[in-house]
Amino acid sequence: MANNKQGSGNQAQWSNRFVFIMAAVGSAVGLGNIWKFPYITGENGGGAFVLVYLACIAIIGLPLMMSEIMLGRRGAKSPIGSMAVVAAQEHRHKSWVGVGIIATLAAFLILSFYSVIAGWTMPYIISAVSGDFNDIAAADSGKLFDRLLASPGELLLWHSIFMGLTVWVSAGGVRHGLERAVTKLMPALFVLLIILVGYASTTGHFSEAVRFLFTPDFSALTAEAILIALGHAFFTLSLASGAMMAYGAYLPKQVPIARTAVVIALMDTCVALLAGLAIFPIVFAHGLAPSEGPGLIFVTLPVAFGQMPGGSFFAGLFFVLLLFAAWTSSISMLESLVGYLHEKGISRAKAAIGGGLAAWLVGITTLLSLNLWSDFTPLDSMAGFEGKTLFDLYDYLTANIMMPLVALLIAIFAGWKMAPAHSAAELGGWHRWWLPMIRYISPIAVLVVFFFNLK
Ligand code: PFF
């Protein structure tokens, strides 16, 4: 990795465009694609939801990703630091730094529950290689999953290991180690997903799944589903939470931002759709409910692997890769905070340990909400929040409130507060498309979706 110093900041940089793409894809591709996308699609009725999600990626996510990478590169600091630098460059009020602060907080909160879910992959790796999935029936697979969720001690163990892994890489600097890992692991995950889709096509329910995913039935679409699709577009692309800004800070000047963002968004979307195509045929073949919820892949995939030749091996490999995909995402979540604390003079190691420990503590409340505190639904008296556990609330607060808010503010800043000559210098020929999108389409779309949901 080149250690040359460039631009207004003082950060070392990615070696080249490919490495940046892989790191950004490493951040983007994670539990959001393989765990969350299929289950929220199942809960929200399929096709119409998928269409809205794709539209959100193209018309809101993509211009926003370009903006974030651009702001990160111009500021060349942590998201908080970069917002301060760029606001000063543009002679704008200091309070724009608040955007960086909310984004960093959102990433922190996401990390706290993401680590709990990512932890689930580890017992699944063990079960896979011990042959527990061989010929497993769907009902037994469900029981296996329920047993895991019912055990706070076990969840705590895996949550702690996963957070430890995240802190470990983060402490040493994200670019160190991450470069080599992502360039191999992401392609492997992709190949394995294609194998799974191949298997799913033999279940006899492939076309039913394709119909479910791609035939829009707008009568099944609610205003809340649209907000969920929007929030998920941000979540899956690691937007509105500092990660892309933080990684953009290490991007060499000569790399074209717009084309690079298109590649990242396309790869992320492909992985999500492949995950859907792998999972729903199995759901239908075994009479499982698409609206199963957060356990969807953990219940369905073991059934598929259990019937495949070499299933133990493929299952083990799949959950290992899922673990790595989650890991390369969680590292990027911690980066905003660690980068900021480091700028304040704290060593990376101390910042990573402190930030990780705090997220780990909050994560414990998530894991308890899956069992001992499953009846603790503190906002029952508020319309729209009835029956939501702490985990549900963290998810809702980040994806449906904080991220749309940060996205809106970034769109306003990049589109209206930054001199178009400056953004044009960063985005080249794409600027003509980007500017109207970020000025009008993205903020209006976010506002409309948001206000339709105010109860
Ligand atoms: N994009 C990640 C996923 O889809 O799993 C989640 C994520 C990573 C969200 C980084 C936010 C973030 F800052």
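Atoms within each ligand, like the ligands themselves, are counted from 1 in listed order.
- In Arg17, the CZ atom is crowded: over 12 heavy atoms of neighbouring residues, nucleotides or ligands sit closer than 6.0 Å.
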What side-chain donor-acceptor pairs closer than 3.5 Å can you find for residues 264-273, not counting sequence neighbours?
unit_1 : atom_1 : unit_2 : atom_2 : d
Asp268 : OD1    : Asn33  : ND2    : 2.8
Asp268 : OD2    : Asn33  : ND2    : 3.4
Asp268 : OD2    : Thr236 : OG1    : 2.8
Thr269 : OG1    : Ala265 : O      : 2.7

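- The ring of Phe212 has its center closer than 6.0 angstrom to the ring center of Phe280.
- Side-chain N or O atoms of Thr300 include one that pairs as donor or acceptor with a backbone N or O of Leu296 at under 3.5 Å.
- Applying the ring-ring contact (aromatic ring centres under 6.0 Å, His included) rule to Trp96 yields the partners Phe413; only residues at least two apart in sequence or on another chain are considered.
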Can I get a per-line list of side-chain donor-acceptor pairs under 3.5 Å for residues 39-51, giving both atom names and the distance, sequence neighbours left out?
unit_1 : atom_1 : unit_2 : atom_2 : d
Thr41  : OG1    : Phe37  : O      : 2.7
Asn44  : ND2    : Ile40  : O      : 2.8

Between ligand 1 and the protein, give all atom pairs where both partners are nitrogen or oxygen and the distance is under 3.5 Å, as lines of names plus distance to 0.1 Å.
unit_1   : atom_1 : unit_2 : atom_2 : d
ligand 1 : 1 (N)  : Ser27  : O      : 3.2
ligand 1 : 1 (N)  : Ala28  : O      : 2.9
ligand 1 : 1 (N)  : Phe235 : O      : 2.8
ligand 1 : 1 (N)  : Thr236 : O      : 3.1
ligand 1 : 1 (N)  : Ser238 : OG     : 3.0
ligand 1 : 4 (O)  : Ala28  : O      : 2.9
ligand 1 : 4 (O)  : Gly32  : N      : 3.4
ligand 1 : 4 (O)  : Asn33  : OD1    : 3.4
ligand 1 : 5 (O)  : Leu31  : N      : 3.1
ligand 1 : 5 (O)  : Gly32  : N      : 2.8
ligand 1 : 5 (O)  : Tyr114 : OH     : 2.5

